[in-house]
Amino acid sequence: MLSKQEKDALTQAVYDIVSRIPFGRVTSYGAIAEAVGYPNLSRMVGQIMKGSGNYEEKLPCHRVVNSQGFLSGKEGFGHSGQMQKLLEAEGVNIKDDKIINRKEVFWYPMKEIFIDERNI
DNA sequence: CCGATGACAAGCA
DNA sequence: ATGCTTGCCATCG
């Protein structure tokens, strides 16, 4: 069970990670959950995304997909393939709601943030 | 209050 | 690879 403070911290941490996802890259709910210290709370990450008003300008949540590379959150972007459009505009190849070049565009939060901390 | 559900994921057959 | 089962935890009816 998570206290309110923990939930707030989690939410903030998730926003922070998501805002760091580079252009043209994607990551997964699980990877984010892991990066914020709750490896088994991938579902909560999904809920947080849903709740955060998903607008590209606010947060690039279109760059968050599930571990298989499916655009599981596309319904949250309006039903006109908006999420897919945004990703394709960044060079991500998608077919049947699934990212084809997942390996090339996948972004590993922990790894990249570690690099950031070393470089800063 | 309790069961069902969900923008998830890993394990197993 | 494919499909099913089990963990997770907040929300909803």
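Bear in mind the structure is a predicted one, so any value in this text is a computation, not a measurement. Chain letters run A, B, ... following the sequence lines, proteins first, then strands; residues in each count from 1.
Whole-Å rounding puts the Q68(A) CD to dA1(C) P distance at 10 Å. Taking atom CG of L10(A) as the reference point, atom C1' of dA10(C) lies 11 Å away to the nearest angstrom. The CG-C1' distance, from D8(A) to dA10(C), rounds to 14 Å in whole Å.
In the hydrophobic cluster analysis, where Ile, Leu, Val, Met, Phe, Trp and Tyr join through side-chain heavy atoms closer than 4.5 angstrom, V64(A) is grouped apart from V26(A). Note on W107(A): it does not cluster hydrophobically with F70(A), by side-chain heavy-atom contacts below 4.5 Å among ILVMFWY residues.
For the atom pair M83(A) CE and K85(A) NZ, the distance stands at 14.5 Å (nearest 0.5 Å). Here M49(A) contributes atom CE and L59(A) contributes atom CG; the two are 5.5 Å apart, rounded to the nearest 0.5 Å.
Of all nucleotides in DNA chain B having an atom under 4.0 Å from a heavy atom of chain A, the first and last in 5' to 3' order are dG6(B) to dA9(B).
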Under 3.5 Å between N/O atoms: give me all the protein pairs with nucleotides 7-9 of chain C, atom names plus distance.
residue : atom : partner : partner atom : Å
dG7(C)  : O6   : R43(A)  : NH1          : 3.3
dC8(C)  : N3   : R43(A)  : NH1          : 3.3

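In summary, the side chains of E90(A) and H62(A) do present a donor paired with an acceptor at a separation below 3.5 Å, with no hydrogens or angles considered. In summary, the side chains of Q82(A) and S80(A) do not present any donor paired with an acceptor at a separation below 3.5 Å, with no hydrogens or angles considered.
Comparing dT5(C) with dA4(B), their P atoms are spaced 15 Å from each other, to the whole Å.
Minimum interatomic distance between Y15(A) and S52(A) (heavy atoms only, all atoms of both residues): OH-CB, 3.0 Å. Looking at every heavy atom in both residues, P109(A) comes nearest to T27(A) through CD-OG1, 3.5 Å.
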